[in-house]
K.L.:
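One structure, as structure tokens, below. Some questions next.
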Amino acid sequence: MQYTVRVKPGSRRGPLVETLDDELVVHVKERAVDGAANDGVVRVLADHFGVAPRDVTILRGHTARIKRVEVDE
């Protein structure tokens with residue numbers, strides 16, 4: 001299943017997943033430096049959906065706050 005994800009890096013609220021309209025908002029504590037926020041997003045989404053981190057793939061938006069993510073359930 002594919003999702004549009006809006007990432008909030010460096011958030012004090014993280015790790016947290018919120019659902020807004022047709023997208024997910026993911027708050028992660030990691031900053032957007034050297035891919036740390038992307039790693040945090042993968043871990044948080046894997047935990048949220050109850051899958052292994054290897055089942056979460058960032059398809060588009062590796063350097064953007066809005067990403068397209070696929071979760072193999």
Side-chain angles (χ1 to χ4, degrees):
M1 186 111 198
Q2 292 187 8
Y3 300 94
T4 300
V5 176
R6 180 177 303 271
V7 179
K8 303 282 185 163
S11 174
R12 291 183 182 176
R13 298 178 64 191
L16 173 68
V17 177
E18 296 177 325
T19 304
L20 288 164
D21 298 325
D22 60 343
E23 71 180 13
L24 299 173
V25 178
V26 178
H27 299 267
V28 292
K29 291 185 178 189
E30 294 84 3
R31 295 265 178 209
V33 177
D34 296 329
N38 286 340
D39 294 340
V41 168
V42 168
R43 282 193 310 272
V44 170
L45 287 175
D47 186 50
H48 178 75
F49 288 107
V51 298
R54 69 177 176 269
D55 294 330
V56 178
T57 306
I58 298 175
L59 301 174
R60 286 188 312 212
H62 291 279
T63 59
R65 289 183 186 230
I66 298 176
K67 303 179 184 305
R68 189 70 180 168
V69 176
E70 183 173 36
V71 179
D72 295 330
E73 299 181 67

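Bear in mind the structure is a predicted one, so any value in this text is a computation, not a measurement. Side chains included, hydrogens not; waters and symmetry mates left out as well; all remaining heavy atoms used.
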K.L.:
Is there any salt bridge (Lys or Arg N to Asp or Glu O under 4.0 Å) pair reaching into residues 50-73, and which pairs are they, with sequence neighbours excluded?
P.N.:
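Residue pairs with at least one partner in residues 50-73: there are none.
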K.L.:
Tell me who clusters with Ile66, hydrophobic residues only, linked when side chains sit under 4.5 Å apart either directly or through other members.
P.N.:
none
K.L.:
Taking ring-ring contact (aromatic ring centres under 6.0 Å, His included) as the cut-off, I'd like each qualifying pair that reaches into residues 15-42, sequence neighbours left out, listed once.
P.N.:
none
K.L.:
Give the minimum heavy-atom separation between Asn38 and His62, together with the two atoms involved.
P.N.:
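That would be ND2-O, 2.9 Å.
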K.L.:
Under the salt bridge (Lys or Arg N to Asp or Glu O under 4.0 Å) definition, can you give me all pairs with a residue in residues 3-31, not counting sequence neighbours?
P.N.:
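Listed once each, the pairs are Arg6-Glu23, Arg13-Glu18, Glu30-Arg43.
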K.L.:
Excluding sequence neighbours, so at least two apart, what forms side chain to side chain contact (heavy atoms under 4.5 Å, CB included) with Ala64?
P.N.:
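Ala64 satisfies side chain to side chain contact (heavy atoms under 4.5 Å, CB included) with no residue once adjacent residues are dropped.
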K.L.:
Under a single-linkage rule joining Ile, Leu, Val, Met, Phe, Trp and Tyr whose side-chain heavy atoms are separated by less than 4.5 Å, which residues share a cluster with Leu24?
P.N.:
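Members other than Leu24 - counting any ILVMFWY side chain reachable under 4.5 Å - are Met1, Tyr3, Val5, Val7, Val17, Val26, Val28, Val41, Val42, Val44, Leu45, Phe49, Val51, Val56, Ile58, Val69, Val71.
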K.L.:
So which atom in Ala37 and which in Pro9 form the shortest heavy-atom distance, rounded to 0.1 Å?
P.N.:
CB-CB, 4.1 Å
